[in-house]
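The chains referred to below are lettered A, B, ... by the order of the sequence lines, with proteins before strands, and numbering in each begins at 1.
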2 protein chains.
Amino acid sequence: MEKQSIEHTIGHEAAGDVTLDGRGTYDERLNHILASATDTFARLGYEKASMREVAKAAGVSLAGVYHYFDGKERILFLIQFRAFGSLLNNLREKLSGVEDAKKQLCVMIRAHLGYFAANMSALKVCSHELDSLSGAAYEDTRKIRHEYYELCRDIVDRVLNEYDVNGTMDRHVATMALFGTLNWLYRWYDPKRGPAVSTVARQIADQYLVGLVGAAMKQNETP
Amino acid sequence: MEKQSIEHTIGHEAAGDVTLDGRGTYDERLNHILASATDTFARLGYEKASMREVAKAAGVSLAGVYHYFDGKERILFLIQFRAFGSLLNNLREKLSGVEDAKKQLCVMIRAHLGYFAANMSALKVCSHELDSLSGAAYEDTRKIRHEYYELCRDIVDRVLNEYDVNGTMDRHVATMALFGTLNWLYRWYDPKRGPAVSTVARQIADQYLVGLVGAAMKQNETP
DNA sequence: CTTCTCCGATCGAACGTTCGTTCGGCTGGT
DNA sequence: ACCAGCCGAACGAACGTTCGATCGGAGAAG
């Protein structure tokens with residue numbers, strides 16, 4: 001409980017920076033195992049992926065994994081919490097300075113696809129294993145997911161406030177339609193084989209934005 | 001292999017129609033267990049749901065489940081194969097007579113949401129456990145899924161052929177954007193609590209169709 | 001009509017395997 | 001001499017699956 005606190009989540013730089021062994025610092029090896037576990041969870045699914053498989057993929061013994069992590073659930077929590085945190089920070093960063101709501105929406109979609117292309121395994125685990133955590137770990141990831149949701153919904157909201165003067169468009173439905181498109185990416189899109197990230201991002205952003213604005217104006221035509 | 005053939009998939013009416021016991025025919029009890037298993041898989045996930053849990057939910061013993069099904073994977077296969085088959089038949093039925101591509105797209109989205117509302121657990125299992133099967137069972141479900149995909153992509157194709165004269169819109173991306181929205185429904189939409197099925201279907205159809213056509217025309221403006 | 005036989009349906013109990021986790025000890029740098 | 005890092009081996013629990021026994025109704029035999 002107290003030992004492996006939330007500090008590990010961000011990546012504590014105070015510990016392990018002196019010496020440990022020839023293959024990197026404590027944090028580097030922890031992150032190496034975490035990255036291997038991310039790939040393993042993405043490949044097999046969280047429940048089907050055993051700790052033995054995680055250990056083998058990371059090149060350490062089974063007990064060696066437990067030297068760095070309290071247990072299997074803790075690994076999944078760290079993967080999700082870090083990924084959602086990075087996703088959120090990355091989005092806020094790229095959103096700074098952009099005022100127009102429609103441009104914000106484009107930036108959001110591009111940022112999401114860019115992060116997806118750079119962290120496919122992590123986002124697959126985030127999309128597919130949303131209910132695999134429980135208790136406090138689930139609550140923590142739910143909170144940060146909700147932050148990401150609110151940020152995106154507020155952008156959708158501002159766009160609709162400009163065009164949907166009658167308020168006939170459901171903000172939640174509109175936002176979840178976009179989330180569906182983005183969270184489903186891991187099922188079909190491989191940036192290494194399919195069209196370029198920028199191409200896909202542009203088409204999705206164009207389609208969604210035009211659809212959002214157009215559907216809103218269409219409903220206002222018939223009062 | 002030979003014993004539990006594909007016949008069970010459709011529901012063989014030849015057997016068990018004479019007598020079995022007071023609680024229904026063979027097929028009725030098989031379908032009852034299958035329905036319970038669907039709910040259990042949807043609630044816990046396929047890997048986490050144990051056969052003991054399935055048996056308890058169905059009100060039979062653990063060994064009793066194996067009297068009707070070869071094994072756990074066979075249950076998942078039957079759930080997915082039946083659901084995809086019904087989804088496909090239902091769509092083809094409602095599509096007959098409709099010629100306009102844009103209307104076809106609206107019909108498709110309404111049909112999907114209607115089936116979702118009536119079979120939430122089954123579609124959740126279909127969306128979430130796509131990779132849980134292996135071997136021949138996986139291939140069989142993949143084929144029927146591909147049929148559904150091709151049917152929808154052809155509709156998208158016809159819409160784009162009317163407006164995207166330059167062919168700048170990627171048909172696969174456009175189709176998967178829609179599939180993402182639809183397949184993500186199970187994560188957030190509850191017809192019993194949220195807005196009505198017709199309302200959500202109309203908004204999603206409007207948004208997507210306007211976006212598809214609008215984005216295509218927008219790209220043709222700048223040659 | 002009664003009796004016997006048989007077989008499908010069902011169950012409790014157990015099988016072997018794999019799971020997440022723990023523990024005691026080895027090792028190499030300080 | 002010490003201690004963090006790491007490992008082989010083992011733990012109990014839970015898993016999917018199998019097996020042998022039991023039960024009851026349908027049909028054949030008397």
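For residues 120-142 of chain A, the pairs satisfying ring pair (Phe, Tyr, Trp, His ring centres under 6.0 Å) are His128(A)-His128(B), with sequence neighbours left out. Annotation: side chain to side chain donor-acceptor pair (under 3.5 Å) contacts involving residues 42-60 of chain B, sequence neighbours excluded, are absent. Within the structure, the side chain to side chain donor-acceptor pair (under 3.5 Å) test picks out the following pairs touching residues 175-185 of chain A (sequence neighbours left out): Thr181(A)-Thr181(B).
In this structure, Glu53(B) atom CD and dG16(D) atom P are separated by 10 Å, rounded to whole Å. Atoms CD (Glu28(B)) and C1' (dA9(C)) sit 16 Å apart, rounded to a whole Å. Taking atom CZ of Phe69(B) as the reference point, atom P of dG16(D) lies 15 Å away to the nearest angstrom. For Leu62(A) and dA9(D), the CG to P distance is 13 Å, given to the nearest whole Å. The CG atom of Leu76(B) sits 13 Å away from the P atom of dG16(D) (whole-angstrom rounding). Atom-to-atom, CD of Glu73(B) to C1' of dC15(D) comes out at 15 Å; the value is rounded to the nearest Å.
Under the side-chain hydrogen bond (donor to acceptor under 3.5 Å, both in side chains) criterion, Ser127(A) pairs with no residue, sequence neighbours left out. Legend: residues meeting side chain to side chain contact (heavy atoms under 4.5 Å, CB included) with Asp154(A), ordered by chain and number and at least two apart, are Arg158(A). With sequence neighbours left out, the ring-ring contact (aromatic ring centres under 6.0 Å, His included) criterion links His146(B) to Tyr149(B). Under the side-chain hydrogen bond (donor to acceptor under 3.5 Å, both in side chains) criterion, Tyr148(B) pairs with His112(B), not counting sequence neighbours.
If you find the closest nucleotide of DNA chain C to Ala63(A) and to Lys72(A), the one lying nearer the 5' end belongs to Lys72(A).
Between Tyr66(A) and dC23(C) there is no side-chain polar atom (N or O) within less than 4.0 angstrom of OP1 or OP2.
Among the nucleotides dA9(D), dG5(D), dA9(C), the one closest to the side chain of His67(A) is dG5(D). For Arg29(A), counting side-chain heavy atoms from C-beta on, the closest listed nucleotide (dA13(C), dC6(D), dT10(C)) is dC6(D). Here the nucleotide nearest the side chain of Tyr26(A), chosen from dA14(C), dG5(D), dA9(C), is dG5(D).
Listed by residue number, Ala49(A), Ser50(A), Met51(A), Arg52(A) are the residues of residues 37-52 of chain A with a heavy-atom contact under 4.0 Å to DNA chain C.
Rounded to 10 degrees, the angle between the two end axes of the helix from dC1(C)-dG30(D) to dT30(C)-dA1(D) is 20°, with five pairs used at each end.
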Dump the intermediate steps for side-chain contact (heavy atoms from CB on, under 4.5 Å) on Tyr186(B) and Leu123(B), then the final yes or no.
CA-CA 8 Å; Tyr186(B) 79 90; Leu123(B) 273 203; over 6 Å; no

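Evaluated for a side chain to side chain contact (heavy atoms under 4.5 Å, CB included) with Phe116(B), the options Leu185(B), Val197(B), Val200(B) yield exactly one hit, Leu185(B).
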